[in-house]
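Read the structure below first, then the notes.
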Amino acid sequence: MAKVTPMMKQYLNIKDQYEDCLLFFRLGDFYEMFFEDAIEASRVLEITLTKRDAKKENPIPMCGVPYHSADNYIDTLVQNGYKVAICEQMEDPTQTKGMVKREVVRIVTPGTVMQENGINEKENNFILSLIQADDFALAYCDVSTGELKATHFTDEATLINEITTINPNEIIIQQPLSDDLKRQVSVITETITLKESLSDVQYEMNNATHESSYQATQVLLDYIHETQKRDLSHIENVKMYEAVHYMKMDYYAKRNLELTESMRLKSKKGTLLWLMDETKTPMGARRLKQWIDRPLIVQADIEARQKAVESFLNYFIERDTLRDYLKQVYDIERLVGRVNYGNVNAKDLIQLKHSIAEIPNILALLDSLEGYESPQFNQLEPLDDLLELLEQSIVEQPPISVKEGGLFKADYHAQLDEYLEASRNGKSWLAELQQKEQARTGIRSLKIRFNKVFGYFIEITRANLKGFSPGDYGYERKQTLSNAERFITDELKEKEALILGAEEKAIDLEYQLFLELREKVKSYTSKLQQQAKLISELDCLQSFAEIAQKYNYVKPEFSAERTLDLQDSRHPVVERVMDHNDYVPNDCKLDDETFIYLITGPNMSGKSTYMRQVAIISIMAQMGAYVPADKATLPIFDQIFTRIGAADDLVSGKSTFMVEMLEAQKALKHATQESLIIFDEIGRGTSTYDGLALAQAMIEYVANTSHAKTLFSTHYHELTTLDETLPALKNVHVAANEHHGELIFLHKVKDGAVDDSYGIQVAKLAHLPEAVIDRAKVILDSLEHKDVEQAKVTSEDATEVRQEAASINDESNRKTPEQPKDAFEQPSFDLFDSKAESEVELELKSLNLSQMTPIEALVKLSELQNALK
């Protein structure tokens, strides 16, 4: 085995401690990676893979990145799901004998990114910990803003819903997850870290009273401090909450309604978030997304937001002024995070100064709104002391680096002013010396220059050196170049020491002053975080008012009688994408007497859009926003369930139909009288009879149990007769006209049912080949003719079927188990072979056909006949 060098031994020892990370190992001006880390990093970063000890038998794969531009490379790796351990030189190599001490100073993970260019300013970057004991508990934190929350619950479905809503970039667990749970969680984030051991540090959590929530928060904070290895005092005290405090929507509901991500492109455009985002600050944009994910269920809280929106609508000039103020407010939350984290620079502090300078303006504007009262915004506080400190200290256009000087204004610090004055005087003296030497030597191109290696020197080009004798002028040769000579004089040496000494002292002092200033700003952390939260909420509310005015929305009212009454309502996103004048508005009225709409109509006519708009309007209303309608009265929904569209869950191994049934099961099991259910084309993933039976059974179940407000679209026109037996159900349809063989969508929801899905006409609109269309018409005509022939059962026939079925049941009930099978009495009409299979006999015996409709009885008997064939 080849001998390991001391440096590689040091590398391997450190790598052993961080096996799950790519190790950035500092060597001079580069971070180097070796072995598998190098191979992986070179592939992801698309940088050259080289070899260390290339001439030896087993060269070591190696690649590196410059330390001064490492952040961009680190961001790329983290965005691809890697963790990066940053290993720094802890000693000055020029002052150290032997191996330089190195250690990991921080670990950058997908959930702990702090660099400004590594995270989306309009999105939170959450890291989450999960505990599974007698119940489930989770805690999550955005390290960049300090937000920290925790909750607990008993069921796995709520767990998945919460993780999906939070959408963390990294999950910490204390024990391995079950295969099924891991598969579901991995769809949300691939970075799952097992952390079995905890440090002895106990973090103070006044609000975490529940044991498992407390444990989840401890695990999370322990991991964050372990990886970041620095002060994170900006992380707030944990805020406990419960899912029942907000309207519940599972992953499928949020996906189907396209609240924050479009289904087709997986982007923000075309979503409710895209529509509603008229915010002016990054904090407001992040708050808006949280409000969409968690609509309120307490009417007083909703109406408090409505009141603010109404004020901003009434005072539109003041709202425009407020928007101008908010444009000047930077991301206070993340600026405070960087102050505490220790990577803030002077430009960040200037942004913080401009931000808090707007608070007095915002307060004055709110005070000017007559009749506007909001106790929460009374907590806005002008931070005059901090504003004055920043105003007096940092120059308006500081450099990015905090270690090269040029940060502070004159008169901020007396000693610094002395150093800077000495440096300025020295440079003035250098300019005078250059003029003097040019006159003394007669060389007009003579220059006094400076570089970090040689300091100050006199430079004369070779063309001017002919006949020049340096010794005659007291010049001492310092460096020879191909086109010039560089010289030094005793006088210049003396002045150089004074100038460089002053500059070096000034730079060192400025850095120390900056660290002191950073600590002073840090003392305002809690106040700044409170101001940031209030400004973010204010930003959301003015955004609600902006879109309400722009798109002609109205303030919804809430019904204690659980009435839903929407007049001329619109789908807010579809309306915005279309020309407003082209969108066809529709009504919807559901109450405790009529709470199910059975919606029929052609494909592409707008049934799904209609149902979605009712759900989205309900969500907007419970956010405290105005809604797209001429008038809106709504109940406060506790939950929204959806089953829209066809989607496989391939990761979990579930077919389209299984996903459909699971979504339906959640709605049927958990919906209450306060819930909203949207079922779109239930039962289309199986045979016609199965689908029809399931669809009818689900409608009847809702009608007889939960009484949830339900919109149910279908192409099973057989279901439209349910209004005869279910008083809670009303048939409506989306109108369309057929004109000379062309289908014209009217997009208008009208009372009553339709008996044609116009499927072939829709296929024609999609420009299927004419041969396919023509053949489909022939097949359809044949099928319809066959159905007519087979359905020629008079009411008397139907009665006979029922009577016969009843006699079958009565007779079979009188038989004893010992009787032979051939004693089984068949129906009088010859539907079955005399040699019936035993299982079919048993199924027929168990049927209670007398309780079925005639059509149901015939359908079931036909199925059994087919089974025998």
Inset, instruction - For K520 and E516, run salt bridge (Lys or Arg N to Asp or Glu O under 4.0 Å): C-alpha distance rounded to whole Å, both residues' side-chain angles, the deciding distance at 0.1 Å, then the answer. - result: CA-CA 6 Å; K520 292 177 182 177; E516 291 174 9; 5.5 Å; no
Inset, instruction - For K327 and D324, run salt bridge (Lys or Arg N to Asp or Glu O under 4.0 Å): C-alpha distance rounded to whole Å, both residues' side-chain angles, the deciding distance at 0.1 Å, then the answer. - result: CA-CA 5 Å; K327 286 179 187 177; D324 288 338; 3.7 Å; yes
Legend entry - Pair L272-T260, side-chain contact (heavy atoms from CB on, under 4.5 Å): steps then yes or no: CA-CA 6 Å; L272 182 62; T260 60; over 6 Å; no
Inset, instruction - Begin with the C-alpha distance, continue with both residues' side-chain angles, and end with the deciding distance and a verdict on salt bridge (Lys or Arg N to Asp or Glu O under 4.0 Å) for R323 and D539. - result: CA-CA 8 Å; R323 288 167 63 82; D539 196 7; 6.0 Å; no
Legend entry - salt bridge (Lys or Arg N to Asp or Glu O under 4.0 Å) between R102 and E91, worked out: CA-CA 8 Å; R102 292 180 176 86; E91 299 171 323; over 6 Å; no
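Judged purely by distance below 3.5 Å, without hydrogens or angles, the side chains of K254 and T164 never pair a donor atom with an acceptor atom. The closest side-chain donor-acceptor pair between E388 and Q392 falls under 3.5 angstrom. Side-chain atoms of K101 and T96 form no donor-acceptor pair, as typed in the model, at a separation below 3.5 Å. R334 and S144 are linked by a side-chain donor-acceptor pair at a separation below 3.5 angstrom, with hydrogens and angles left out of the test.
A 4.5 Å side-chain heavy-atom check between N72 and V65 finds every atom pair outside the cut-off. The closest side-chain heavy-atom distance from Q512 to L515 is below 4.5 Å. Proximity of V219 to I131: side-chain heavy atoms (C-beta onward) are separated by under 4.5 Å at one or more points. Contact annotation: the side chain of I127 approaches that of I172 to within less than 4.5 Å [non-hydrogen atoms, C-beta and beyond]. E196 places none of its side-chain heavy atoms less than 4.5 Å from the side chain of Q175. Proximity of M276 to L288: side-chain heavy atoms (C-beta onward) are separated by under 4.5 Å at one or more points. When side chains are defined from C-beta on, R518 does not count as touching V521, because their heavy atoms never get closer than 4.5 Å. With contacts defined as side-chain heavy-atom distances shorter than 4.5 Å, the pair R255/E261 does not qualify.
Ion pairing of K269 with E258 is absent here, as no side-chain N (NZ or NE/NH1/NH2) approaches a carboxylate O to less than 4.0 Å. Between D37 and K15 a salt bridge is recorded (basic side-chain N to carboxylate O distance below 4.0 Å). Taking the charged nitrogens against the carboxylate oxygens, D331 and R286 do have a contact shorter than 4.0 Å, which makes a salt bridge.
Residues meeting the side-chain hydrogen bond (donor to acceptor under 3.5 Å, both in side chains) test with S355, sequence neighbours left out: none. Residues passing the side chain to side chain contact (heavy atoms under 4.5 Å, CB included) test with Q351, sequence neighbours excluded: Y330, L335, D348. Looking at residues two or more places apart in sequence or on another chain, you find a side chain to side chain contact (heavy atoms under 4.5 Å, CB included) between E36 and I39. Applying the side chain to side chain contact (heavy atoms under 4.5 Å, CB included) rule to Q79 yields the partners D75; only residues at least two apart in sequence or on another chain are considered. Shown here are the side chain to side chain contact (heavy atoms under 4.5 Å, CB included) partners of E396, two or more places apart in sequence or in another chain: I350, K353, H354.
Note: K533 NZ to I535 CD1 = 12.0 Å, rounded to the nearest 0.5 Å. In this structure, CE on M114 lies 8.5 Å from CZ on R230, to the nearest 0.5 angstrom.
Between Y223 and the options Q228, E170, K195, a side chain to side chain donor-acceptor pair (under 3.5 Å) holds for only E170. Paired with N124 under the rule side chain to side chain donor-acceptor pair (under 3.5 Å), one option of K289, Q290, R287 passes, and it is Q290.
At distances below 3.5 Å, at least one donor-acceptor pair connects side-chain atoms of K409 with backbone N or O atoms of E391. A distance-only check finds no donor-acceptor pair linking the side chain of Q531 to the backbone of I356 [under 3.5 Å].
Dense packing is recorded around CD of E519, with more than 12 heavy atoms of other residues, nucleotides or ligands lying under 6.0 Å away. Atom NZ of K229 is surrounded by more than 12 heavy atoms from other residues, nucleotides or ligands within 6.0 Å. For I400, the CD1 atom is loosely surrounded, since the number of other residues' heavy atoms within 6.0 Å does not exceed 12. A 6.0 Å sphere centred on OH of Y251 holds no more than 12 heavy atoms belonging to other residues, nucleotides or ligands. Other residues, nucleotides and ligands place no more than 12 heavy atoms under 6.0 Å from the NZ atom of K182.
Centroid-to-centroid, the aromatic rings of Y67 and Y31 stay 6.0 Å apart or farther. Within the 6.0 Å centre-distance limit, the rings of F34 and Y11 are counted as a close aromatic pair.
Sorted by first and then second residue, the pairs that involve residues 38-48 and meet side-chain hydrogen bond (donor to acceptor under 3.5 Å, both in side chains), not counting sequence neighbours, are E40-R43, E40-Y82, R43-Y82.
Taking the ring centre of F457 as origin, the terminal cationic atom of R449 falls outside the region bounded by 6.0 Å and 45° from the ring axis.
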